[in-house]
Amino acid sequence: RAALQGHMPAVGAIDRHRAGVRRRAIARLGLFAVLIVGVALAVTFGGLIDLDRDHLQREIRDFGPAAPAIFIVVSGALGALFVPGPIFAVAGGALFGAWLGIPLGVAGAALCALICREIGSHMGRDAAEELAGARLGQLTAWLDRYGLLAVIAFRLMPAMPDAPLNYAA
């Protein structure tokens, strides 16, 4: 028994290691949050995007038959940068009419969700796992089982922004 105790790290060392892992995880998640919020503020208040309807219609017409695909890519990418989703729903209808605008808006929202999921999984997933542990695994299993219904339910909630929900998922 004494020989085994000599090979086991002290409880204090284990606690210090866990605290260090936790601090690094919080720092990575903090950096991720600062990056996402910084980009969102730059897009929202920095004038990086011209959302004038006439300007958008001229730009869309210039793309000709590729305009619907361009709209999906742009709305997905800008949605991931926290441009509100309803803007693209309205823009899709205004630019393409309701019959084409609605499916294009849905496709853009799906692309936004995919972009946010990929960014979140590569930049914040490991840190979130270190902090949440088994709870994150349970949430992931729940989302794997009910993912589509859960996302639809969250999408139907008023005032629930798309991008934060996508990043969290």
Side-chain angles (χ1 to χ4, degrees), residues 28-132 135-169:
R28 285 197 316 263
L29 282 177
L31 179 62
F32 176 64
V34 166
L35 175 69
I36 294 299
V37 169
V39 169
L41 290 173
V43 167
T44 304
F45 299 111
L48 296 177
I49 301 167
D50 184 4
L51 296 175
D52 177 60
R53 181 177 183 239
D54 294 332
H55 174 76
L56 288 174
Q57 283 181 329
R58 284 190 305 275
E59 292 292 324
I60 288 293
R61 276 191 223 112
D62 290 344
F63 288 109
I70 301 287
F71 179 81
I72 291 170
V73 170
V74 168
S75 65
L78 293 179
L81 296 176
F82 291 82
V83 174
I87 288 175
F88 298 112
V90 171
L95 296 171
F96 300 103
W99 290 106
L100 183 56
I102 290 171
L104 292 176
V106 170
L111 180 61
C112 172
L114 180 64
I115 291 169
C116 292
R117 187 222 172 270
E118 288 301 312
I119 290 171
S121 68
H122 291 301
M123 294 187 69
R125 176 70 185 197
D126 293 339
E129 283 179 348
E130 289 173 7
L131 290 173
R135 291 177 294 200
L136 184 62
Q138 292 169 346
L139 178 61
T140 301
W142 184 80
L143 282 172
D144 286 344
R145 184 169 180 193
Y146 301 107
L148 179 62
L149 292 175
V151 170
I152 290 171
F154 282 126
R155 291 272 188 243
L156 294 176
M157 292 177 71
M160 176 63 79
D162 296 344
L165 171 66
N166 292 334
Y167 282 113

Which heavy atom of [X] sits nearest a heavy atom of [Y], and at what distance?
X      : Y      : value
Cys112 : Ala80  : SG-N, 3.4 Å
Ala98  : Pro103 : O-CD, 4.1 Å
Leu100 : Pro68  : CD2-CG, 4.3 Å

Quick one: side chain to side chain contact (heavy atoms under 4.5 Å, CB included) partners of Ile72, sequence neighbours excluded? Leu104, Ala107, Leu111
By side chain to side chain contact (heavy atoms under 4.5 Å, CB included) - contacts of Ala89 (at least two apart): none
Nearest-0.5 Å distance, CZ of residue Phe88 to CZ of residue Phe71: 7.0 Å
